[in-house]
Each structure stands twice: as structure tokens, then as C-alpha cells.
Amino acid sequence: MPTRKLEKIYAPHQVEARWGQFWIDQGYFRAKVDPSAQTYTIVIPPPNVTGSLHIGHALNNTLQDILIRWRRMQGQNTLWIPGTDHAGIATQNVVERQLVDEGTSREQLGREAFIDRVWAWKQQSGNTIIEQLKRLGASCDWTRLRFTMDEGLSTAVQEVFVRLYEEGLIYRGERLINWCPRCLTALSDIEVEHEQFNGKLYHVRYPLVDDPHTSLIVATTRPETMLGDTAVAVHPEDPRHNHLIGKRVQLPLTTRSIQIVGDSILVDREFGTGAVKITPAHDFNDFEAGERHHLLRIPILDHRAHLDPFALKFKSQVENSLLANLSGVSAPKARTIVVEELKARNFLVKTEDHKMALGKCYRCKTVVEPYLSPQWFVKIQPLADPAIEAVETGRIRIIPEGWANNYLGWMRGIKDWCISRQIWWGHRIPAWYCRSCQPDVFPTVKPDRIGLISHQANPIVARTSPGKCPKCSSGDIIQDPDVLDTWFSSALWPFSTLGWPEQTQDFKTFYPTSTLVTGGDILFFWVARMIMMGLKFTGEVPFRDVYIHAMVRDAEGQKMSKSKGNVIDPLTKMSQYGTDALRFTLASMASPGRDIKLAEERIEGYRNFTNKIWNAARFILMHADGRTEDTAIKDRPLGDRWILSRLNRVIRLVNKSLEEYRFDQAANQLYHFTWHAYCDWYLELIKPVLQSEDGDKSHGTRHIMLLSFETLLRLLHPFMPFVTEEIWQSLPHQGESLVIQPFPTPCEKWHAKDAEDAFNTLEQFVTTARTGRSLLEYPPSKNLTLYGSTTEPMERETLRKLHDHLEHLSRGTITLTDQDEWPVNHILRLVVGKTTVGLQVEGEVDLKKALGRLQKQIQAKQKEASRLESRLSSSDFTAKASPDVIQESETRLRSLSQELSLLSSSEYQLQGMV
RNA sequence: AGGCGGAUAGCUCAGUUGGGAGAGCGCUGCCCUUACAAGGCAGAGGUCGCAGGUUCAAACCCUGUUCCGCCUACCA
């Protein structure tokens, strides 16, 4: 393949589009159904189908892509399944807003037309995020793209629902659940976000029926719910109140009286007044207390959290004079009215400030209400137990480990999962009801407020519509209007995407999957549920490793949100700096157990890194033409042997880091090696040979140059797929694409400690010479007259051998002899270890700077020497420390004193010159 | 309230079984040296949150404490 000339600055745009398309066209990302090959499988955490890529997705998918590309290059049969979920509530909200803008509503459209409308919206916007993932370079098998509402995945959902129901693990019942009065649906416990806020605690007087002059004072944060009170509780061992147990109080603002019960669970004697009102229909604790004492439940709020006139009048028995004022008002407004009325009638004893937590809908941030309604639940404990065990025994590894405790803690206290949602977009619950069998449950009028079907109705659960009632053969059956929680279908993702419940070839080949990569925020929502469902329905763990990555925050550590205006849009950054730069930034900052504070400068820094690689490639390309010769490594010059030895170490480290999910370590190693070893030193070392007139010497060097650089490109490819492919294709190469080249493995015959030692000697000498140049303020172009000497025989030999390299890299003419053969005057002597570098001082030069530096150096060395001396003279140390530590200290002290004597003679000599 | 994590250079963070404090960015000085000014070379900068303890030796282990962040939670 002919080589091409590269532009001076890397321009990512066309490059990315070109190779992105090429890879897909060539089918490199498609997994083979080959049962013999070792498989490596990842399922993507499905993003919302109508969403678009945010920085969290960028991180999540970059990390997955690094793993997948790495394993693919290792020759494993890799499969990365892409897909999206239908995001029930969120998507329905979006489409409903569109309808409002058009002056209509979902109710006006009707259920079927509305669902068609959402499908149309999905059709229109559904490819956005998929295309964005492709831009990111995600090497998913796009031929296996899945959506949670695909036919196959829907079949899996029905299968799971029916089987759980048949086993008694799904049930229907009237319970208090979290209800969003704006989304008008039930939420699961974890879909509620708790937020601290400053509320008030109201002390309200409830007079005794027997003795109206005596009252029980209750404390409450929600006075408006008192209209639904059905009892007051005191602690049975509280001498202040326990004599009242069994008596009744008159409920203010109503014509009802309620009983006083003793309850040691609900009542905390230390809190408030020691008396608690019980409102079983509007509070989770009260609900349970109600069960214990067989109390009536009086729901006073409707589905929009407004006071229900019917309930107020007939159940709550609110005083007639108040009915008009209270009927239909919202809960917050009701609170104001109730408080005013209590105050006016002298029932309000006092009000105090009180910090409390408030639950909000995680989708729309509306305050959620506990709401008594018939819902479907998963009985979770039998599913949770094996899922706990899988993590405890290590069948599933959670990385970093800290998250395992989090998982276990939550799983051990897990509660039944409310899975029904009163929305239309989603998997409809496969349950039907016969109206003929239960005419009393299904009155001819439409079912209640929002179509909830009474909890007394008997469901007929089946995989497909039964058509007619299996009991009475009536055709008058209706399907449950509810749909399932989106996470219910997501929980099946690792196997439903592979074709389950069919025993497909894909399922047999790729399940269980290898690694799941996700953020800690959905550990409970998703990971835990996948583990439970996977174990239940496949008998296998759904994945071996769970890697939990960080949350991306802004440079100040704030959570990114549109309302704060601090979002970093990955697509904008990809356009500005290139996709590879963004990917590398995210990978390099992915330290375990720590959030990522992303500052724009970092991306810019890695854009520069991309360009550095690009320019190294340009240099190599300039010298690529010509003969190459593969001679034995041991006969190669220092530069060649040194870079191979270093490369070997980096290969080992990168592989090891990726094994341990240390993306940050791998990226930083690559960065440092590429820039500060390969470019700064290796390329400089080989320049003279490549540029010399004598072409013969360059053959072997050219060979190693091309070999090492090609290896480096393969190492970098999982992190920066685009620029590496572009360069690889431009250089002499074999094969179609870098994507399918083997990932480098350590090559022990490249290891050369002697070359690394020799390099260190060279580097020290050169750096010292350059420091001297800087101290004397000589420009980089000036050719220096240099002297070098060392007290170490090995180093002397090394310096002698590398004489030409030293001259080239130091830009000077170097004489290597003992110091007493150096000129006596006009020499600046700098010391590094056992070596002294002398610079000839020419012209008017201020030597104070050099002297200052020397003295500072002496001070630092003396400080350390005295620390070592005192350590070594301590009998405790010599008696108790391990022998190698003692020996090491002695060695270090010896070299320090040698260095110090060189330094002071140099100082003495320099004093004479100033 | 409980649990978890963090506090190391101006900023962002590494620091793997305790034994010479590191990187990137930024900053300072000198340079457009034919791969790269998105660059090169050199350099400055840190009582490792605070207080105790264990140890010959602590950024690292233990206890307490302050501040910050996150998660979980039924204190009305």
C-alpha cells in the first residue's frame, strides 16, 4: 500500500466519519456464532430511545468500547449488543407536552391513537442516540440492535410476568404506594428522590370526648391530612398518656370522634408531644399502624392530590360549614385553610420550624403522595436471596468493591416492587377481568377516577388474550389498563436481547455475558433487578463482572443539569477537539470510586496529545521509505534496545490495568510513554541515523522504528480508535484495518535492563547539560563546549560509548576526561549522582543564578544525608529494621556523601569565578 | 439518623505489602532547532484536613474530630 503525506495538524472530522463507516461496512463489529471461540459479551445499558447523548453516556460507552476493542484485538469472539429502552414515563411526558402544544391531549386522542403517536415519535427521534453512539466510535454489533418493546423482548416480558404470577411471585393488591400527582401514576420506592427542606411542625389539640376540657396534643407536619385521621396513638409505656388508651377524642373540624390506641412501634416518646395522629390512607407508617389496630382508611385526596368532596362529606364528615371551602382544593392550599381554621377555633397550640425530607418524582420533581390504590407487585424476597448469595460468593464481582456493600445492604432490606404504572406507553400487563363474573365490581358506570380497576377484581393472567372468560365463557372481558415499569423489561435485558425465552444460538453462545459497565446511580434500579431476574429465569448470573464507573460532574464538582446550565455536551466537545480526545480524557479520569470533575482544559490537553501522536507519525512517515532490516536485537544500538524494553513494560502494564478495569492507569501510562519516552527521547535518539548520509546504518533503525510505532498504535487503538486507524492506514502495513490486528502482548526478549540503565545515564547527563545551558542563559541554538567525568567505571564506559548521542542531544562538543584534565577556569561544574558535567563559560555571564542553584542543591542533599545519618545511628533502627532497608539506607548515604563532595568542590570552584 | 466516599502542588488527581512526596493542566524563563508553537528545553511550587495513638519508621495502619459529596431512611 502506498504511503501518503499527512497534514501538519490532525483534522478529526472527515477521518472519523470515514473510518466509522468503513468499520461498519466491513462488518468488523459483528460477532460470530462460533461456540468454540472464547466469547466476550457486553450488553449496553440501554439509553432512552428518544434521548440524546450526554456526557455520562459518553463515559459509559467509551469504557465499554475500550474493553470490547481490546478483547476483539485479543482474538476473542466479542459481542457488544446495542439498544434502547422505551422509558415509559419520560417518553409519554414528552409526547403529552407535544399534544398540549397542539391543543389536544392523550385523553382526547384515546389510547390507541396515542400509542401510535408515541411510536411515530420514536420513529422520528429514535435513531438520534444510536447515530451519536456511532460517532463516539462505539463498536457495537449494530446488526443486533434491540429495543425493549421489540416483539421478542415483549414476549420475554409476558413470559416472565406470567411465570412469576403463576408461582405467586406477582400479586395484585390495594396498598399505599408512591404516587406522582402530575404523571398520574404509581412509582416504585426507588423512583422517589428524597430532599431535605425546612418545614413546620404543628401541635394540634384533640379534645377528649368524655372530658372536652382535657385534650391530647398531637404533632404533625401535614395538618391537612387530619381530615383522614382514624386514630391517635400514644406509647403504651408513657405515663403522660397511657391512661387515655381506649378513650376517644373529638377530631377537630369534623363531626367524627376517633379512638386512642397504644402503639410502641409508631410512637417515639422523645419526639414532639408523644402523641401521633394516624392517617392510614396517607402515610406509610400510619398504614402499617392501621393494619395493626384494624383501623378504617379514609382517603381524602384524589389522584391529583386535591381534596375529594365526596370523601370529605361522607367519610371524613367534615363540618358542613367547611365543606365548600375545602372541596377540590389542592393539598398545599388545604393546609393553609386547615391551619387557619384550627387557629380560629383555638385548636392550634403552637407551630415550630422543623427539618424534614420530602419525596419527589424522579422524572418531574413533583412532590409525591402516598396513595391508596390497587397495584401489581413483585414479591421480592424469594428473588433477592439468590441475588445476594451470587455477590457474596463472588459469582458476580462488583468493581470497585465498595459498591458490593451498597448492593448487599439494599438487597437485604428490599421491599416488594410496585410494577404497575398508570400510563399507556409500555408493556401492557397481560391480565384480563371478566365483567360478567363480577358485576358488582364492574358497575356499568366507568370505573373510578382514572380507570383503576378495583382490587377485588379477579385477574385472568395469560400470555395472550383469552378472548372469553375461562370460567363463564362470557366475551365481556377487559384488559388491565396498566403497563409495566420500564425497569421490569430492562431487568431482562441481558437475556431478552439474546432471544430468550427461545433457546437461540445467540443465547447459548453469548450468555452469561462477561461485563456490565454502568453508573452507581442505577445499581438498584437496574443491576440488582437484572441479577434477580437472570438467576430466576436462566439459572445463571447475567454477567460475571459489574464495573461501576463514576458520575461526571462539572469542574466545580456540581452535578450537571440543564437548569444549572453547566452541562458539557459531548457532541460539541467531539466537534471541537475530536472524538479521540474526548474519549481519552474520560478514560484517563476514570479513577475507581471517585467522581469525575470534568474541566474543558483537560480535553484540550488530550487534543494536543492526539496531535502529538499525529506529528510523530508524520516524522516516521518522512523516514519510512527505504530498506528495513531485521537484525538480532542484542546487536541493535541503544535507542532501539531501550525503546523495545520500555515498550515491553508498557504493554504489560496496559494489559494488566485493563484486566483490573484501571482505565485511568492504562491511559496515563500510554500518555506518558508516548509523549515522554517515545517522542521526547526515542525519536530524538534515532534522528541522526535516519538523517545521516550513510544510508546503510539506517536499515535496522528504520525497522525498529516502524515496528515500535505500529505496536504503539495497536496499544492506543482501543482508547483512540480514529486517529490510530488513520495513521496505521497511512503507514506501511499489512491487513485491512487496525480494528482486527492483534493487541500487543509482552515480548520478554525485548527486555533489556542494561539498555535502560545506560539510557538513565545518558538522560541524566543530557538533562544536566541542558540545565547548565539554561542557567547560563545560552540560547538553544548555541553549540556548547562540554566536559564530562564520572567516578563510576560502568557509567564512564556508557558515556564513552554514547559520546555521539550526548553531543547530539546536548548540542555541544564533549570531552570525556577526568576533572583534573579540565581547564581550570571558566568552567561551570554541575553534579548529578557520580557524574559531573562541565560547561565552558564564555562572555559576560551572571553566575549568581548557577551558584544559587548549586547551594540549594547542597542544602537539600545535606538535609537528607543528616536524616539518614541519624536514622542509621539509632540503635532501635539497626536492631529492628529489616536488613535490606538498612543496607539501602547505607548505600544511599554513601552516594549522597560522594555527591556532596563533588558539589562542594564545584561550589568552591564557582565561588572563585563570581 | 445510618452507611459509604473524599480532603496530597494554584486547579484536577495518582500514590498497589508502611522505609527517598508524583503526574497532567496552569505558572515563570529561554527558544519559530527542517515531526509537532496544539510545540521544544529548563524551572518554581507541598507542615499529605486537624488531634492523638501504634511503630525503629506513617500520606499509607488504628482512634477521635472538622469540612465536603453521595446513597439509604418510617422520627410524626
Side-chain angles (χ1 to χ4, degrees), chain A residues 6 8-10 190 194 201-202 218-222 233 265-268 270-279 283-289 354 356-357 400 402-403 405-406 409-410 413 520-521 523-524 551 553 555 557-559 577 581 588-589 591 593-599 601-602 604-623 660 662 664-665 668 671-672 675-676 679-680 683-684 687 691 767 770-775 777-781 811 849 853 864 867-868 871 874-882 884-886 888-889 892 896:
Chain A
L6 304 179
K8 200 168 173 180
I9 288 180
Y10 174 61
I190 51 180
H194 294 270
L201 189 64
Y202 302 87
V218 301
T220 176
T221 55
R222 300 198 58 189
I265 298 173
L266 184 66
V267 181
D268 173 0
E270 311 299 313
F271 188 88
T273 59
V276 193
K277 65 193 217 43
I278 302 182
T279 324
D283 182 281
F284 292 101
N285 293 318
D286 292 7
F287 182 88
E288 282 170 26
H354 181 62
M356 52 192 282
W403 286 99
N405 282 331
N406 212 328
W410 186 72
D521 51 339
L523 186 65
F524 307 145
M551 186 111 106
R553 302 173 174 281
Q558 304 254 325
K559 210 165 170 171
Y577 300 110
S588 74
M589 298 182 80
S591 305
R594 193 161 191 146
D595 281 344
I596 296 178
K597 290 188 201 169
L598 186 59
E601 302 85 72
R602 300 304 298 264
E604 194 184 338
Y606 289 114
R607 186 271 314 263
N608 297 351
F609 178 53
T610 316
N611 201 46
K612 187 75 184 177
I613 300 169
W614 181 255
N615 278 289
R618 289 179 65 223
F619 172 81
I620 284 163
L621 196 58
M622 281 171 61
H623 299 97
E660 294 166 356
R662 289 300 304 266
D664 58 327
Q665 237 170 44
N668 292 329
Y671 181 95
H672 192 259
W675 201 313
H676 299 301
C679 292
D680 286 352
L683 291 182
E684 294 304 325
K687 269 182 188 173
Q691 290 165 352
T767 302
R770 286 168 175 171
T771 303
R773 177 192 294 276
S774 187
L775 286 171
E777 292 180 336
Y778 290 151
S781 52
R811 272 192 176 244
K849 210 162 134 190
R853 184 196 137 89
E864 192 182 344
R867 202 167 66 198
L868 282 169
R871 175 190 287 183
S874 145
S875 56
D876 274 340
F877 178 72
T878 48
K880 290 174 186 167
S882 80
D884 19 316
V885 172
I886 298 173
E888 197 207 321
S889 299
R892 219 161 69 217
L896 267 175

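Below, read A as the first sequence line, B as the second, and so on, with proteins coming before strands; counting in each chain starts at 1. This structure is a prediction, so every number in the text was calculated from the model and none was measured.
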Which is true for A/F524 with a 4.0 Å heavy-atom rule: it touches a base, it touches only sugar-phosphate, or it touches nothing? sugar-phosphate

Side-chain N or O of A/H354 less than 4.0 angstrom from OP1 or OP2 on B/rA76? yes

Between atom OH in A/Y606 and atom C1' in B/rC36, what is the gap in whole Å? 19 Å

Give A/K849 one of three labels, base, sugar-phosphate or nothing, depending on what nucleic acid heavy atoms sit under 4.0 Å from its own. nothing

How long is the straight-line distance from NZ of A/K849 back to OG of A/S774, given to the nearest 0.5 Å? 5.5 Å

Using only side-chain N and O atoms of A/R662, determine if any of them is under 4.0 Å from OP1 or OP2 of B/rG15. yes

Rounded distance [0.5 Å steps], CZ in A/F619 versus CG in A/L621: 11.5 Å

Nearest-angstrom distance from the residue atom CG of A/N615 to C1' of B/rC36: 3 Å

Same-atom distance (P) from B/rA58 to B/rC13, integer angstrom: 28 Å

How long is the straight-line distance from CD of A/E288 back to CD1 of A/I265, given to the nearest 0.5 Å? 8.5 Å

Give A/S781 one of three labels, base, sugar-phosphate or nothing, depending on what nucleic acid heavy atoms sit under 4.0 Å from its own. nothing

Do any side-chain nitrogens or oxygens of A/N608 fall under 4.0 Å of OP1 or OP2 in B/rC36? no

Distance check needed: B/rG26 P versus A/E601 CD, whole Å only. 8 Å

Could you state the atom-to-atom distance from CZ of A/F619 to P of B/rC36 in whole Å? 10 Å

A/M589 near the nucleic acid: base, sugar-phosphate alone, or nothing, with a heavy-atom cut-off under 4.0 Å? sugar-phosphate

With C1' as the reference atom in both, quote the distance from B/rU17 to B/rG26 in angstrom, rounded to an integer. 36 Å

What is the nucleic acid contact for A/S889, judged by heavy atoms within less than 4.0 Å: base, sugar-phosphate only, or nothing? nothing

Looking at B/rA14, B/rC41, B/rC25, which one has an atom nearest to any side-chain atom of A/Y671? B/rC25

Which value, in whole Å, describes the distance between the P atoms of nucleotides B/rG18 and B/rA38? 46 Å

For B/rA73 and B/rG3, measure between their P atoms and round to the nearest Å. 15 Å

So, does A/H676 get its side chain near the phosphate of B/rG24, meaning an N or O under 4.0 Å from OP1 or OP2? yes

Remember a base hit wins even if backbone is also touched, and classify A/R867 as base, sugar-phosphate or nothing at under 4.0 Å, heavy atoms. sugar-phosphate

If you look at every strand shown and take non-hydrogen atoms under 4.0 Å, does A/G274 touch a base, only sugar-phosphate, or nothing? base

Taking the P atom in each of B/rC50 and B/rU8, what is the distance between them to the nearest angstrom? 10 Å

Rounded to the nearest 0.5 Å, how far does CZ of A/R871 lie from CD1 of A/I886? 10.0 Å

Do the side chain of A/K8 and the base of B/rC36 come within less than 3.5 angstrom through a donor-acceptor pair of N or O atoms? no

In whole Å, what is the span from the CD atom of A/E864 to the C1' atom of B/rA21? 12 Å

Given B/rA76, B/rG20, B/rC56, identify the nucleotide with an atom nearest to the side chain of A/F877. B/rC56

Distance between P atoms of B/rA23 and B/rC36 (Å, rounded): 27 Å

Within the structure, does a side-chain N or O atom of A/R602 lie under 4.0 Å from either OP1 or OP2 of B/rU12? no

A/E777 CD to B/rA42 P, in whole Å, measures 16 Å

Results of salt bridge (Lys or Arg N to Asp or Glu O under 4.0 Å) for A/E601 - residues two or more places apart only: none

Phosphate contact (B/rA14 OP1 or OP2) by A/S591 side-chain N/O below 4.0 Å: yes

B/rG40 and B/rU47: how far apart are their C1' atoms, nearest whole angstrom? 36 Å

Describe the nucleic acid contact of A/R853 in one word from base, sugar-phosphate, nothing, applying a heavy-atom distance below 4.0 Å. sugar-phosphate

Without decimals, in angstroms, what is the distance between A/K597 NZ and B/rG24 C1'? 16 Å

Which nucleotide, in any strand shown, forms a Watson-Crick or G-U wobble pair with B/rC4, with both distances under 3.5 Å? B/rG69

Go nucleotide by nucleotide along RNA chain B from the 5' end; which of A/D680 and A/Q665 gets its closest nucleotide reached first? A/Q665

Which is true for A/E660 with a 4.0 Å heavy-atom rule: it touches a base, it touches only sugar-phosphate, or it touches nothing? nothing

Would the base of B/rA42 count as contacting A/R770 through its side chain, where contact means a donor and an acceptor less than 3.5 Å apart? no

If we take the P atom in both B/rU63 and B/rC4, what is their distance in whole Å? 11 Å

So how far is it from A/D521 CG to A/I190 CD1, rounded to the nearest 0.5 Å? 11.0 Å

Within 45 degrees of the ring normal and closer than 6.0 Å to the centroid, is that where the cationic atom of A/K612 sits relative to A/Y671? no

So what does A/A617 touch, heavy atoms closer than 4.0 Å: a base, only the sugar-phosphate, or nothing? nothing

Between B/rG18 (C1') and A/E888 (CD): distance, integer Å: 13 Å

Using the closest heavy atom to pick a nucleotide of RNA chain B for each, name whichever of A/D664 or A/M622 lands nearer the 5' end. A/D664

